[in-house]
Q: 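One structure, pasted below without further comment.
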Amino acid sequence: MKIATYNVNGIRARLPVLLRWLEQESPDVVCLQELKAPDDKFPEKEIEEAGYSAIWHGQKSWNGVAILSREYEMEEVVRGLPGDPDDLQSRYLEVVVNGIVICCLYLPNGNPAPGPKFDYKLEWFDRLNLRAQELMALDIPVVITGDFNVIPTEKDVYKPERWVDDALFRPETRAAYHALIAQGWNDAIRIVYPYDVIYTFYDYFRNAFGRNAGLRIDHFLLSPKLVDRLTDAGVNRDVRGWEKSSDHVPVWIALK
DNA sequence: ATGGCTCCATACTGGAGA
């Protein structure tokens, strides 16, 4: 079973690239972030013609997440991150598919930091960790994946010293991420590739992709019940070089 | 230190992204 995550940065602008990538990689389940489209503008027909059912949580202009499935039935569990009725941003979707809970998230960017956007990021992170703790306590197969907007370590950024004050790398952000990991979650990419330099995002500016000046901010976290089933993982780095690419790269895992 | 690029909105410009 192959599961992928891809921050598309606008599903309408990205549709040709998305469909080409789906055709090439044939993932069973796909978590998408940054749809940048309201619910009624989600390209349901094109996704269906590509062979996928879909559940989506859209929003006008910004944010938006979706989960696609090629073969397995999906059952929606949670829409929107619990814990704050005033938070209307579409950043979290949770489903059960093939006996696995899959959480698709788009964690707030948080820049500029400090400031209200950074406060929102940390508050959102606290609520994510509460939900993750609930799932961990169930002792079942769970995948938490998506765009975390977190650079976990210095190894995950091309020039760490330039990012120390950024909301993606500040101590508070890394502390929240490490608190999540400390619940017992396993970083799938680092299990398969403990030492390699792996990036999932390249800025549109300054030929970042050509210089391999990237960040690793899209992650796959596996519950203990699932980690033994991990057989492979990777990033589709070449997709970043395609015409009209997203600034993010698809990330995937394979489970037995 | 700045700006470089790309997306979306109701649009010839600005906000957000990371």
Side-chain angles (χ1 to χ4, degrees), chain A residues 5-21 31-43 46 56-66 87-92 104-122 124-125 128 145-174 176-177 197-219 235 237 239-251:
Chain A
T5 185
Y6 188 19
N7 179 323
V8 290
N9 185 21
I11 193 166
R12 288 170 287 179
R14 207 65 56 222
L15 196 54
V17 165
L18 175 62
L19 295 175
R20 178 183 169 191
W21 168 73
C31 294
L32 300 176
Q33 302 87 33
E34 276 207 86
L35 304 180
K36 291 186 169 181
D39 280 338
D40 61 358
K41 296 283 177 56
F42 184 86
E46 292 87 343
W56 61 94
H57 188 203
Q59 182 181 330
K60 186 179 173 183
S61 303
W62 315 120
N63 310 317
V65 288
D87 179 12
L88 302 178
Q89 300 191 24
S90 301
R91 296 178 174 275
Y92 186 85
C104 172
L105 66 85
Y106 174 45
L107 211 140
N109 174 300
N111 279 307
K117 292 191 172 184
F118 191 57
D119 295 341
Y120 174 64
K121 176 177 195 160
L122 296 178
W124 203 96
F125 221 139
L128 173 66
T145 187
D147 178 359
F148 283 69
N149 272 315
V150 176
I151 301 165
T153 73
E154 298 196 342
K155 191 161 54 179
D156 300 308
V157 50
Y158 65 102
K159 268 192 181 172
E161 66 275 15
R162 285 203 179 171
W163 289 81
V164 288
D165 293 326
D166 191 278
L168 281 65
F169 197 49
R170 286 177 68 97
E172 303 95 318
T173 303
R174 279 185 277 171
Y177 181 79
V197 171
I198 293 174
Y199 298 139
T200 68
F201 169 89
Y202 300 90
D203 213 306
Y204 286 122
F205 309 152
R206 292 173 284 180
N207 188 31
F209 181 58
R211 297 184 296 120
N212 199 33
L215 315 173
R216 192 174 75 93
I217 55 177
D218 301 85
H219 307 299
V235 299
R237 190 181 182 280
V239 175
R240 184 62 181 81
W242 292 359
E243 188 94 7
K244 298 279 284 179
S245 161
S246 170
D247 40 6
H248 290 254
V249 163
V251 186

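These values consider heavy atoms only, across backbone and side chains, with no hydrogens, waters or symmetry-generated copies. Since we're looking at a predicted model, the values are computed, not measured.
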Q: Which nucleotide wins on minimum distance to the side chain of A:Ile217, given the candidates B:dA9, B:dC7, B:dA18?
A: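 My answer, after comparing the listed nucleotides, is B:dA18.
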Q: Minimum heavy-atom separation for A:Tyr6 to A:Val249, with atom names?
A: CD1-C, 4.0 Å
Q: Say we look at B:dT13 and B:dA1: how far apart would their C1' atoms be, to the nearest angstrom?
A: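 Going atom to atom, C1' in each nucleotide, I get 25 Å.
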Q: Rounded to whole angstrom units, what separation is found between the CG atom of A:Leu35 and the P atom of B:dA9?
A: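 Nearest whole value for this atom pair: 12 Å.
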Q: Please state how far atom CD in A:Gln33 lies from atom P in B:dC7, giving the value in whole angstrom units.
A: 17 Å
Q: What pairs of nitrogen or oxygen atoms, one from the protein and one from nucleotides 11-16 of chain B, lie under 3.5 Å apart?
A:
none

Q: In whole Å, what is the span from the CZ atom of A:Arg240 to the P atom of B:dA18?
A: 13 Å
Q: With a 3.5 Å cut-off and no angle check, do the side chains of A:Thr200 and A:Asp218 form a donor-acceptor pair?
A: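 A:Asp218 and A:Thr200 do have a side-chain donor-acceptor pair below 3.5 Å.
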Q: Do the numbers put A:Arg216 on top of the ring of A:Phe201, so that NZ or CZ is under 6.0 Å from the six-membered ring centre and no more than 45° off the axis?
A: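 No cation-pi geometry.
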Q: In this structure, how many angstroms lie between the P atom of B:dA18 and the CG atom of A:Leu107, rounded?
A: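 It is 10 Å, rounded to the nearest whole Å.
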Q: Between A:Asn63 and A:Arg91, what is the shortest heavy-atom contact and its length?
A: OD1-NH2, 3.1 Å
Q: Please list, chain by chain and in numerical order, all residues satisfying side-chain hydrogen bond (donor to acceptor under 3.5 Å, both in side chains) with A:Ser61, sequence neighbours excluded.
A: none
Q: Contact list please: residues 201-210 of chain A against DNA chain B, heavy atoms, distance less than 4.0 Å, in numerical order.
A: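 Hits under 4.0 Å, by residue number: A:Phe201, A:Tyr204, A:Phe205, A:Arg206.
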Q: Using whole Å, what does the distance between atom P of nucleotide B:dA1 and atom CD of A:Glu161 come to?
A: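 So the CD-P distance, A:Glu161 to B:dA1, works out to 13 Å.
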Q: Please tell me which of the listed nucleotides, B:dA18, B:dC7, B:dC8, lies nearest to the side chain of A:Asn149?
A: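 That would be B:dA18.
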Q: Select base, sugar-phosphate, or nothing to describe what A:Asp147 touches, counting heavy atoms under 4.0 Å on all strands.
A: sugar-phosphate
Q: To the nearest angstrom, how far is A:Asp218 atom CG from B:dG17 atom C1'?
A: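 Computing the A:Asp218:CG to B:dG17:C1' distance gives 13 Å.
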Q: Please measure how far the P atom in B:dT2 lies from the corresponding atom in B:dC12, and state the result in whole Å.
A: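 One P to the other, the span is 28 Å.
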Q: Expected output check: what is the dot-bracket annotation of DNA chain B, where ( ) and [ ] are pairs inside the strand (brackets for crossing ones), | is paired with another strand, and pairs are Watson-Crick or G-U under 3.5 Å?
A: ....(((((...))))).
Q: Under 6.0 Å between the ring centres of A:His219 and A:Tyr177?
A: yes
Q: Look at A:His248 and B:dA18 and indicate whether a side-chain polar atom (N or O) is within less than 4.0 Å of OP1 or OP2.
A: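 Answer yes for this pair, as a side-chain N or O of A:His248 is under 4.0 Å from OP1 or OP2.
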Q: Looking at A:Gln59 and A:Ser90, would you say the former's side chain and the latter's main chain have a donor-acceptor pair under 3.5 Å?
A: yes
Q: Could you grab the distance from atom NE2 of A:His57 to atom OH of A:Tyr106, nearest 0.5 Å is fine?
A: 14.5 Å
Q: In whole angstrom, what separates A:Arg162's CZ from B:dT2's P?
A: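 In whole Å, B:dT2 P and A:Arg162 CZ are 14 Å from each other.
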Q: By salt bridge (Lys or Arg N to Asp or Glu O under 4.0 Å), which residues pair with A:Asp147, not counting sequence neighbours?
A: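 A:Asp147 satisfies salt bridge (Lys or Arg N to Asp or Glu O under 4.0 Å) with no residue once adjacent residues are dropped.
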Q: Does A:Arg240 have any side-chain hydrogen bond (donor to acceptor under 3.5 Å, both in side chains) partners at least two apart in sequence or in another chain, and if so, which?
A: none
Q: Just to verify, which of A:Arg14, A:Glu34, A:Gln33 counts as forming a side-chain hydrogen bond (donor to acceptor under 3.5 Å, both in side chains) with A:Asn7?
A: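 Between A:Asn7 and the candidates, side-chain hydrogen bond (donor to acceptor under 3.5 Å, both in side chains) is satisfied uniquely by A:Glu34.
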Q: Using a cut-off of less than 4.0 Å, is there contact between a side-chain N or O of A:Arg12 and OP1 or OP2 of B:dA9?
A: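 Yes, A:Arg12 has a side-chain N/O under 4.0 Å of OP1/OP2 on B:dA9.
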Q: May I have the distance from A:Tyr120 (atom OH) to B:dA18 (atom P), rounded to whole angstrom?
A: 13 Å
Q: Check whether any side-chain nitrogen or oxygen of A:Lys60 sits under 4.0 Å from OP1 or OP2 of B:dC7, and answer yes or no.
A: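 It does not, given that no N or O in the side chain of A:Lys60 lies less than 4.0 Å from OP1 or OP2 of B:dC7.
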Q: Identify which nucleotide among B:dC7, B:dA9, B:dA18 has an atom closest to any side-chain atom of A:Glu34, counting heavy atoms from C-beta outward.
A: B:dA18
Q: Please work out if A:Tyr106 contacts a base, only the sugar-phosphate, or nothing of the nucleic acid, heavy-atom cut-off 4.0 Å.
A: sugar-phosphate
Q: A:Tyr199 ring centre to A:Arg237 NZ or CZ under 6.0 Å, with the angle to the axis within 45°?
A: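 No, A:Arg237 does not sit over the ring of A:Tyr199.
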Q: Could you measure between the two P atoms, the one in B:dT6 and the one in B:dT10, and give it in whole Å?
A: 23 Å
Q: Determine the interatomic distance between P on B:dA18 and the same-named atom on B:dC8; round to the nearest Å.
A: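 It comes out at 14 Å once rounded to the nearest Å.
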Q: For A:Phe42 and A:Trp56, take the angle between the two ring planes, folded into 0 to 90°, and tell me which bin it lands in: parallel under 30, tilted 30 to 60, perpendicular over 60.
A: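 Aromatic pair A:Phe42/A:Trp56 classed parallel.
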Q: Answer yes or no: does a side-chain N or O of A:Asn109 lie under 4.0 Å from OP1 or OP2 of B:dA18?
A: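 Yes, A:Asn109 has a side-chain N/O under 4.0 Å of OP1/OP2 on B:dA18.
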Q: Given B:dA18, is OP1 or OP2 found less than 4.0 Å from the side-chain N or O atoms of A:Asn7?
A: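 Yes, within the criterion.
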Q: Which one, B:dT6, B:dC8, B:dT10, comes nearest to the side chain of A:Arg14?
A: B:dT6
